[in-house]
Each structure stands twice: as structure tokens, then as C-alpha cells.
Number of protein chains: 2
Amino acid sequence: MSSRSTAERLRDGGERVTRQRLDVWEALERIGRQVSAQDLYDELRRRHPRIGRATVYRTLEALVAVGVARRFELDGHVSAYVACRPQHHHHLACHRCGRVEEIDEGYVAPVAARVAADRGFRIDDARLDFYGTCARCAAG
Amino acid sequence: MSSRSTAERLRDGGERVTRQRLDVWEALERIGRQVSAQDLYDELRRRHPRIGRATVYRTLEALVAVGVARRFELDGHVSAYVACRPQHHHHLACHRCGRVEEIDEGYVAPVAARVAADRGFRIDDARLDFYGTCARCAAG
DNA sequence: TCCCATAACGAGACTGAGTATCAGATAGGG
DNA sequence: CCCTATCTGATACTCAGTCTCGTTATGGGA
Ligand SMILES: [Zn+2]
Ligand SMILES: [Zn+2]
Ligand SMILES: [Zn+2]
Ligand SMILES: [Zn+2]
């Protein structure tokens with residue numbers, strides 16, 4: 001169950017597991033696409049009217065830190081978050097419907113290795129994001 | 001000369017060429033690394049005390065729009081800008097010294113083609129960014 | 001199970017990046 | 001040179017994100 005794996009991830013990262021953090025995670029996963037922190041906060045308050053604004057923001061960063069969510073940048077300088085496989089960093093985002101698909105690490109690793117070798121760079125992190133129109137939106 | 005090419009780029013994009021826009025471009029290029037809009041504004045006011053805050057922000061977006069600069073996201077949810085070859089989108093950023101090197105499109109295009117074919121995605125734009133330590137910082 | 005140190009929560013104040021407004025200035029085509 | 005659409009800059013404003021601090025609750029240890 002995904003909420004259990006998130007709880008374990010939090011514990012492994014030295015973070016406490018709280019009701020609120022699981023609520024945030026559940027909402028993020030249920031939405032299933034990229035969403036701004038503010039919109040997620042509004043959504044959460046419908047089911048959990050007492051949840052705090054700061055808690056949502058803090059929790060989203062915690063989820064990113066333990067690797068089950070990822071922060072994006074939207075147009076207009078606003079952050080958005082998406083539930084995400086741990087350690088996964090590469091995405092295919094449809095800017096029509098907002099759906100985010102994941103890209104396997106295998107596509108990227110060889111490029112990183114070549115760049116590191118060619119430029120003498122020690123690479124700690126990589127981000128590869130493609131933007132376009134998903135198959136479903138292109139059809140419909 | 002690079003400022004002339006920037007002027008041409010602005011004109012080609014239907015944007016006017018003003019003294020302030022060239023000043024912003026010149027400062028951005030002289031700095032030669034990623035810089036926040038606020039820091040660039042502070043820097044610009046030393047030489048051009050009457051330049052307006054909004055002008056700097058607007059101009060940076062205009063430079064991005066015509067393809068001679070690129071917007072980054074720094075930690076802490078702050079945008080940073082860097083002078084950039086037109087249409088160039090891929091970078092190698094040293095998080096020790098802030099230097100940004102460019103990555104040739106040739107590294108990325110084959111990956112984009114494979115992803116598009118495998119997933120039925122029509123790709124409009126791609127971002128590939130590597131973060132790590134540059135050769136100079138690793139040595140020193 | 002109970003305790004308790006410590007981390008997380010929540011209400012609300014605060015910060016500051018970024019934007020809107022608008023009167024005045026200016027680029028640039030005719 | 002003129003005219004007008006665009007740009008500038010001073011200022012006010014918005015609102016995403018953070019901080020504070022008193023309260024609550026987790027989770028490890030007795
Ligand atoms: Zn992912
Ligand atoms: Zn779509
Ligand atoms: Zn570049
Ligand atoms: Zn460096």
C-alpha cells in the first residue's frame with residue numbers, strides 16, 4: 001500500500017509520521033497530477049478543515065526530501081508538486097491536461113556519463129523534463 | 001558584437017530596443033553566471049541609479065522570450081537568470097561557484113526522439129540540467 | 001503501559017519576489 | 001519631424017512562502 005511505503009520512507013529519513021503528513025500524501029496521490037501547494041491546501045481543507053497552511057507547505061517539502069514527491073516550476077513562478085516514485089527525477093509533462101508520466105533512468109544515465117566525461121564535471125543530480133502533448137490529448 | 005545581436009533578437013521578436021534593455025543585457029552577460037533578478041537590479045543601480053525595479057524584471061522576461069537568456073529555479077523558490085545562447089536549453093551548473101556551462105543539443109535530441117516514439121508524446125520543449133561540481137572547483 | 005523530550009501542528013503575523021497601475025518618456029515608422 | 005504605441009519608473013499592491021510561538025502528539029525508553 002502506498003501510504004505504508006510513504007510512512008516507511010518518512011521514518012527512514014528521520015521524519016515523524018503524522019496524521020497530517022499522510023493526509024497530504026493521500027491527497028497528492030489521489031489528484032494524480034501536478035498541483036500547486038495552495039490548490040492542494042484548498043483541497044485538503046474540504047476534508048480536513050483544521051489542517052494548517054504551513055503544515056501543507058512543510059509537508060510537501062518533507063515529501064520531496066524523502067523522495068516520494070517532486071517539485072516543479074510552473075509558469076508564473078509558482079511551484080507545483082506531484083506524487084512521484086522515490087528517487088525518480090525525469091518526467092514527461094502534458095501542458096494540456098497536466099498529466100505527468102515518468103521517464104526511466106535508463107534514458108538519462110548514458111547522457112550523464114558522456115557529459116561528465118567530456119566536461120570534467122562531477123554530476124550529483126540531473127533533471128530531464130519534456131513538455132508537450134500526451135497521446136490522449138493529441139487524439140481527443 | 002553580442003549587444004547588437006541582442007538588439008536584433010529583440011527587434012525580430014517585435015520588441016523595442018531601449019537603453020535600459022541593453023543595460024540589463026550587458027550586466028547579465030558581464031556577470032557571466034546565474035543571478036537573481038533582485039541581485040541584478042542591485043548591481044544595475046550602481047551604474048544606472050534611475051533604472052526601475054519593474055523594468056529589470058520585465059526586461060529579464062523579455063530576454064528569455066527572445067531567447068538570449070534563460071530562467072532557472074534556485075533553491076528557496078527564487079528565480080535566477082543567465083545569459084544564454086539563443087534557443088539553447090541545456091546546462092551544467094556548478095552549485096559551488098554558480099558557473100553555468102552549456103550542453104550541446106546533440107546530447108539530448110536522440111533521447112527526445114526515443115521518448116517521443118516510445119510514449120506517443122509530441123514533445124515541444126525539453127529541459128536537461130545537470131548539477132554538480134565543475135572541474136575547477138573540484139581541483140581547488 | 002506510561003513518561004517525556006522533542007518534533008510537528010496550527011493560527012496568524014510577517015517577508016519579499018513579482019506584478020499592476022498610471023503618468024510621463026521614448027522608440028521608430030511614416 | 002510627428003504621432004502613437006510601447007516602454008519606463010515610482011509606487012502600491014498581491015500573495016506564495018516563511019516564521020513565531022503556544023499547543024499537541026509522536027515514538028523511544030523506562
Ligand atoms: Zn516521477
Ligand atoms: Zn494530456
Ligand atoms: Zn544556455
Ligand atoms: Zn565551480
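Lettering follows sequence order; numbering is per chain, from 1.
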*Asks:* Closest heavy-atom contact between B:I103 and B:H91?
*Replies:* CD1-O, 3.4 Å

*Asks:* Please compare B:A37 and A:R19 by the position of their nearest nucleotide in DNA chain C and report the one closer to 5'.
*Replies:*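 This one resolves to A:R19.
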
*Asks:* Taking side chain to side chain contact (heavy atoms under 4.5 Å, CB included) as the test, write out the residues that go with A:S36, two or more places apart.
*Replies:*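 Here the qualifying residues are A:Q38, A:D39, A:V78.
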
*Asks:* How would you list, by chain and number, every residue that makes a side chain to side chain contact (heavy atoms under 4.5 Å, CB included) with B:D12, sequence neighbours excluded?
*Replies:* none

*Asks:* Looking at every heavy atom in both B:L44 and B:A27, which two are closest together, and how far apart are they?
*Replies:* CD2-CB, 3.7 Å

*Asks:* Could you list by number each residue of residues 44-55 of chain B showing a heavy-atom separation from DNA chain D of less than 4.0 Å, or answer none if no residue does?
*Replies:* B:R50, B:I51, B:G52, B:T55

*Asks:* Expressed in angstrom and rounded to an integer, what is the separation of A:Q20 atom CD from D:dT24 atom P?
*Replies:*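 Interatomic distance, CD of A:Q20 to P of D:dT24: 13 Å.
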
*Asks:* Within the structure provided, determine whether B:V108 and A:V111 are in side-chain contact (heavy-atom separation under 4.5 Å).
*Replies:* no

*Asks:* Measure CG/A:L60 against P/D:dA16 and give the value in whole Å, please.
*Replies:* 14 Å

*Asks:* Restricting to salt bridge (charged side-chain N to carboxylate O under 4.0 Å, His left out), what partner residues turn up for B:D129, sequence neighbours left out?
*Replies:* B:R70, B:R127

*Asks:* Taking NZ, NE, NH1 and NH2 as the nitrogens, is one of them in B:R19 or B:D23 under 4.0 Å from a carboxylate oxygen of the other?
*Replies:*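 So B:R19 pairs with B:D23 through a salt bridge.
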
*Asks:* Write down the distance between CZ (A:R16) and P (D:dA25), rounded to a whole number of angstrom.
*Replies:*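 Distance check: A:R16 CZ to D:dA25 P gives 12 Å.
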
*Asks:* Looking only at heavy atoms, what is the nearest atom pair of B:C97 and B:R33, with distance?
*Replies:*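 Heavy-atom minimum between the residues: O-CD, 4.0 Å.
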
*Asks:* Between the opening five pairs and the closing five pairs of the helix from C:dT1-D:dA30 to C:dG30-D:dC1, how far apart are the helix axes, to 10°?
*Replies:* 50°

*Asks:* Roughly how many Å is it from CD in B:E15 to P in D:dA5, rounded to a whole number?
*Replies:*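 Value for this atom pair: 17 Å.
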
*Asks:* Under 4.0 Å from OP1 or OP2 of D:dG17: is there any side-chain N or O of A:Q38 that close?
*Replies:*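 So the side-chain polar atoms of A:Q38 never come under 4.0 Å of the phosphate oxygens OP1 or OP2 of D:dG17.
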
*Asks:* Within this structure, what is the CZ-to-P distance between A:R58 and D:dC21, rounded to whole angstrom?
*Replies:*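 Value for this atom pair: 14 Å.
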
*Asks:* The test is side chain to side chain contact (heavy atoms under 4.5 Å, CB included); show your working for B:F130 and B:E101 and say whether it passes.
*Replies:* CA-CA 10 Å; B:F130 291 111; B:E101 302 182 17; over 6 Å; no

*Asks:* What does B:S79 touch in the nucleic acid at a heavy-atom separation under 4.0 angstrom: a base, only the sugar-phosphate, or nothing?
*Replies:*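 Counting heavy atoms under 4.0 Å across all strands, the contact made by B:S79 is with sugar-phosphate only.
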
*Asks:* Would you find a donor on one side and an acceptor on the other, under 3.5 Å apart, between the side chain of A:Q34 and the backbone of A:F72?
*Replies:*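 The answer is no, because no donor-acceptor pair under 3.5 Å joins these two groups.
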
*Asks:* In whole Å, I'd like the distance from the OH atom of A:Y41 to the P atom of D:dG17.
*Replies:* 14 Å

*Asks:* Considering the options B:R21, B:R58, B:R9, which one meets the salt bridge (Lys or Arg N to Asp or Glu O under 4.0 Å) requirement together with B:E15?
*Replies:*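 Of the listed options, the one satisfying the test is B:R21.
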
*Asks:* Is the phosphate of D:dT8, meaning OP1 or OP2, less than 4.0 Å from a side-chain N or O of B:T18?
*Replies:* yes

*Asks:* Using the heavy-atom set of chain A and a strict 4.0 Å cut-off, write down the first and last nucleotide of DNA chain C that makes it in, 5' to 3'.
*Replies:* C:dT6 to C:dT19

